[in-house]
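Throughout, a chain's letter reflects where its sequence line sits, starting with A, and its residues are numbered from 1.
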Protein chains: 2
Amino acid sequence: MPETDSLHTIGAQLRRARLAAELTQEQVAELAGISRPRYRDIETGAAAARATTLMNVARALGLEMMLIPQFLVPAVDALLSPEAGEDAPAFAPQPEPDDER
Amino acid sequence: MPETDSLHTIGAQLRRARLAAELTQEQVAELAGISRPRYRDIETGAAAARATTLMNVARALGLEMMLIPQFLVPAVDALLSPEAGEDAPAFAPQPEPDDER
DNA sequence: CGATATTGATCTGAAAACATATCATCATTC
DNA sequence: GAATGATGATATGTTTTCAGATCAATATCG
């Protein structure tokens, strides 16, 4: 069970959110403060991002990274399933200046 | 808002889950397949883990990493609030968030 | 057709996450 | 007080993420 599966799952989720928001890879990368090639690798599952990078990318797409107790995952999935694909309502791409260096 | 806040938030969450499970840092590190110093840095928020590493750590603690649409975060938080986290009965006694419909 | 936009891909080099080893601190317990 | 166990911390070296640049493939459109 290579963790490449997890990477592809995350990437697919990001891609769906990105297309739903009608953003290009470059725009998401810009919002998340990373380069386009890097975002491409994350979205295609070619490479793992850092936790902080993934959080920035997720927020740029109107998503939030959360740690859920495993026994509550079904309940959360139930919350997600009905309106998972809702065309994004008020989603505010904030410039989010971050990433020290 | 530096992302060190995010790291501390995640770390605190991991620590709470670890103590609830009565595991040592070394045991969690072993379960997650990383070294103890590395897990310590993650738990204390001293350093960011890779997304894959964070997922392995989370699973070792009975947690699952999920990407939640931001507008659903309050609902998920409500699910988590009662007694998030430890000795898990097969299903949670949900206090029925008196949410209208 | 030619121009533009989006995405896929590769290369170089720097920065950060990793392992491993070692030592310090602070409890607890004998 | 000495021994044990858990945690904090530092140092060295390897691996991987990252930026930035560049080029190719595939649309889409005037």
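- Every residue two or more places apart in sequence or in another chain that forms a side chain to side chain contact (heavy atoms under 4.5 Å, CB included) with B/Arg40 is listed here: B/Gln25, B/Thr44.
- Within residues 38-51 of chain B, the residues approached by DNA chain D to less than 4.0 Å at the level of any non-hydrogen atom are B/Arg40, B/Arg50, in residue-number order.
- When side chains are defined from C-beta on, B/Asp77 counts as touching A/Met66, because their heavy atoms get closer than 4.5 Å.
- As rounded to whole Å, 14 Å separates atom C1' of D/dT17 from atom CD of B/Glu3.
- Put simply, the side chain of B/Arg18 gets close to the backbone of B/Leu23: a donor and an acceptor are under 3.5 Å apart.
- If you find the closest nucleotide of DNA chain D to B/Arg15 and to A/Leu54, the one lying nearer the 5' end belongs to B/Arg15.
- Rounding to the nearest 0.5 Å places OG of A/Ser35 at 10.0 Å from CD of A/Glu26.
- A/Ile34 contributes atom CD1, which lies 9.5 Å from atom CG of A/Asp41 (distance to the nearest 0.5 angstrom).
- Atom CG of B/Leu61 and atom CG of B/Leu19 lie 9.5 Å apart (nearest 0.5 Å).
- Rounded to the nearest 0.5 Å, atoms OG1 (B/Thr9) and CG (B/Leu14) are 10.5 Å apart.
- By the 6.0 Å contact criterion, CD on B/Glu30 is open, its count of non-hydrogen atoms from other residues, nucleotides or ligands being 12 or less.
- A single hydrophobic cluster is seen to contain both B/Tyr39 and B/Met55, as judged by linkage of ILVMFWY side chains at heavy-atom distances under 4.5 Å, directly or through other members.
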Quick one: which protein N/O atoms are closer than 3.5 Å to N/O atoms of nucleotides 24-30 of chain C? Pair and distance per line, please.
none

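- Atom CD1 of B/Ile42 sits about 13.0 Å away from atom CZ of B/Arg15, to the nearest 0.5 Å.
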Could you write out each protein N or O paired with an N or O of nucleotides 21-30 of chain D at a distance under 3.5 Å?
none

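- For A/Glu64 (side chain) and B/Val73 (main-chain N/O), no donor-acceptor pair under 3.5 Å exists by modelled atom type.
- When all heavy atoms are compared, the tightest approach of B/Ala32 to B/Ala60 is N-CB, 4.2 Å.
- Residues B/Asn56 and A/Glu3 meet the side-chain proximity criterion, which asks for heavy atoms closer than 4.5 Å.
- Note on the helix from C/dC1-D/dG30 to C/dC30-D/dG1: terminal axis deviation equals 30°, with five pairs used at each end and the result rounded to 10°.
- Hydrophobic clustering of Ile, Leu, Val, Met, Phe, Trp and Tyr side chains at less than 4.5 Å, counting indirect connections, unites B/Leu63 with B/Leu67.
- Within a heavy-atom distance below 4.0 Å of DNA chain C, the residues of residues 23-34 of chain B found are B/Gly33, B/Ile34.
- The distance from the CD1 atom of B/Ile10 to the CE atom of A/Met65 is 4.0 Å, given to the nearest 0.5 Å.
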